[in-house]
Amino acid sequence: MASYFDSSRILWENPQPHFTNVEIFRRMVNRKRGLNLKDYHEFHKYSIENYSFWEDAWQHLRIIYSVPPQSVITEGPIPNVPIWFPGARLNYAENLLWRNDDSIACTAGGESGKVTECTFRELRLKVQSMASAMRANGLQIGDRVAAVVTNSIEAVTLALATASIGGIYSSTATDMGTQGILDRYRQIQPKFVFLETEVMYAGKTVDLRDKISAVVKGLHEHGLKCAVVLPSAITGKEIEVGGVQKTVTLSKFLASGTGNELIFEQLPFNHPLYILYSSGTSGPPKCIVHSAGGVLMQTLKDQRMFFDMKDTDTLFQFTTTGWMMWNFMVSSLASGCRMILYDGSPFHPTLEAYLKFISDAGVTLWGTSPRFLAEVKGRKISPLKIGSFEGLRTLAVTGAVVTPPIFEWSQKAFGGKFLFVSTSGGTDVCCAFVGGVPSLPVHVGEIQHKALGMAVEVFDENGKNIEHTGQAGELVCTRPHPSLPVMLWGDTPDGKKLRDTYFNFYPGIWRQSDFMVVNPKTKGIMVLGRSDGVLNPNGVRFGSGEIYTVMENFNTIIEDCICVGQRRPNIDEHERVLLFLKMRAGNKFTTSLEREIKSSIRSALSARHVPSYIFEVEDIPVTINGKKIEIAVKQIVSGSTLKPSGTVANPESLKLYFKYKNIEEIVETERLGVKSKL
Ligand SMILES: CC(=O)CC(=O)O
């Protein structure tokens with residue numbers, strides 16, 4: 001069987017590693033502590049062995065506070081989830097709004113091509129006006145504010161105004177289904193909900209008034225005090241939503257404010273800031289509560305260390321407001337850099353126009369998904385013919401497995417002079433476990449290292465560390481860090497649900513449910529997929545990411561694919577692997593293509609990786625954040641009668657998979673040349 005790291009080659013090296021933030025931080029720790037940590041590897045070891053590292057990070061990241069902490073860590077009511085920086089008082093929004101000048105803080109753009117800018121001073125005024133109206137309407141510390149909004153300056157304003165008061169903010173994208181929104185917001189019972197009325201997506205005007213009515217009505221019995229409807233995101237004109245109780249337009253809501261000064265409530269480090277949600281593709285979404293201090297420290301650490309973020313940077317993270325990368329992105333204001341907020345589809349009016357927007361906007365740090373890059377590659381687009389991308393310093397990719405061909409193609413396609421950072425973390429921690437180290441070389445297909453302060457290890461099923469073997473296993477984190485969730489909303493005071501979710505499989509140790517492997521030579525990492533989607537035919541365990549890497553070679557004819565295990569305990573003894581392909585328009589799935597795919601998988605991986613069956617399907621189910629929904633497909637082909645949740649972007653596509661629980665019938669029908677009735 002091929003090793004995971006056969007192709008380990010250097011893709012890029014920093015010509016000036018000494019000037020990176022991470023090196024400056026390492027030297028600061030050496031000076032302060034009288035240490036001699038020689039490189040990132042030693043620095044990382046120090047960071048996971050000493051909680052004092054987090055005190056160093058507090059200082060290096062220049063956290064703004066009014067009362068200093070008494071210590072770094074103390075026990076809290078939930079076992080394994082300590083309280084960080086007890087005694088400290090700070091405010092998340094204050095840490096982001098320290099700049100009050102006329103430089104651009106946010107640039108908002110979208111499909112229409114219209115660009116709006118907002119300076120740090122204007123942003124602060126917007127937050128002040130919103131916070132004043134929120135206070136006038138009764139928002140208090142700990143109250144929830146929910147939003148169904150586009151990625152816009154208004155969305156940033158809402159989050160920061162809520163945080164300034166000590167409220168808890170939670171947002172979803174406008175394409176989330178009504179049921180999905182209610183499944184989330186009924187649990188957290190927001191006092192206010194802010195809703196978009198009209199948006200543009202994929203060139204079409206989407207009227208959201210019916211959704212607004214259904215959501216507001218659905219929240220009436222769940223603590224809602226007021227629903228604020230936003231002006232059209234296309235024209236900026238206010239739209240009346242008649243006949244829905246408790247609803248007010250944004251201008252009326254803002255007019256109810258007193259215009260008082262912006263006050264940043266001084267709150268404990270662990271005070272809740274955001275509620276994010278588990279995907280909810282196979283059960284009710286869990287409401288994951290993150291602390292202001294935890295999110296602030298971890299997101300700043302990741303941005304400054306992984307991306308080498310400076311105040312002269314322009315960050316463009318492609319995200320909706322319903323993905324943790326939105327919350328991650330917002331923190332970049334604390335570094336004083338400019339943030340680009342893009343709303344809409346990257347494919348409208350054209351993919352070329354979108355790439356030109358990024359190049360013209362002078363983006364220096366660009367965050368995107370491997371799926372997007374694969375699409376540009378698959379369509380044979382040459383980015384450098386569209387824009388110069390001359391300022392690009394970092395291209396950061398997250399959200400799914402990044403295959404080696406994507407590393408190599410991206411580095412070349414965008415001009416080669418930047419750091420290609422692959423990161424992996426999650427909604428559960430609102431930060432990354434593993435990511436970039438700008439002072440170290442990047443190896444093809446490898447995430448560079450474990451993040452500072454994150455005690456990541458690879459465990460086998462019995463809880464044994466197998467990292468040094470180069471074998472894949474579960475991503476675990478053996479020590480607490482500041483952005484562990486402070487609770488799951490609605491849980492018992494001792495966090496039973498939280499502990500059952502994360503700390504039960506390996507008692508007392510965080511299991512992320514990702515499948516990963518470490519290169520013993522370079523210490524580079526591959527995250528191979530979700531561990532509950534691990535494929536296990538005939539006792540060989542591997543991640544779907546390994547198959548996707550091979551499939552990258554076919555991406556000019558295959559638009560997308562999904563690989564899952566099928567388990568039918570009463571029928572088959574072993575799990576078998578099924579691969580579903582969505583062909584690009586104009587291409588056919590033929591038996592010779594099937595043979596070619598199988599042969600490529602056999603030679604790149606092993607005979608045991610070869611899928612038992614390959615089928616063409618019309619669509620691949622993805623979440624509204626663009627992630628393939630392997631678990632739901634696995635359950636469906638294994639015989640479950642799962643109903644699609646509001647998080648599925650294309651719920652109809654799930655129906656295409658039910659027939660595969662009876663594969664033998666399909667194959668027999670095809671053999672006889674009869675059109676399938678299934
Ligand atoms: C940082 C990440 O890994 C983001 C995600 O979970 O999609």
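For ligands, and for the atoms within them, numbers begin at 1 and follow the listed sequence.
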Salt bridge or not between R371 and E375? Use side-chain N to carboxylate O under 4.0 Å. no
Among H449, K523, K450, exactly one meets side chain to side chain donor-acceptor pair (under 3.5 Å) together with H41. Which residue is that? H449
Minimum heavy-atom distance P480-I73, with the two atoms named: CG-CD1, 4.4 Å
Taking the six-membered ring for Trp and the full ring for Phe, Tyr or His, determine whether the centres of Y92 and Y169 are under 6.0 Å apart. no
Could you go through ligand 1 and note, for every N or O atom, any protein N or O atom closer than 3.5 angstrom, writing the atom names and distance to 0.1 Å, or 'none'?
residue	atom	partner	partner atom	Å
ligand 1	3 (O)	T398	OG1	3.3
ligand 1	3 (O)	G425	N	2.7
ligand 1	3 (O)	G425	O	3.4
ligand 1	6 (O)	K627	NZ	3.3
ligand 1	7 (O)	W323	NE1	3.1
ligand 1	7 (O)	K627	NZ	2.3

Which pairs, with at least one residue in residues 423-448 and sequence neighbours excluded, count as a side chain to side chain donor-acceptor pair (under 3.5 Å)? S8-E446, T398-T423, D428-Y502, D428-Q512, E446-N519, E446-T522
Say whether R144 and S170, considering side chains only, have a donor N or O and an acceptor N or O under 3.5 Å apart. no
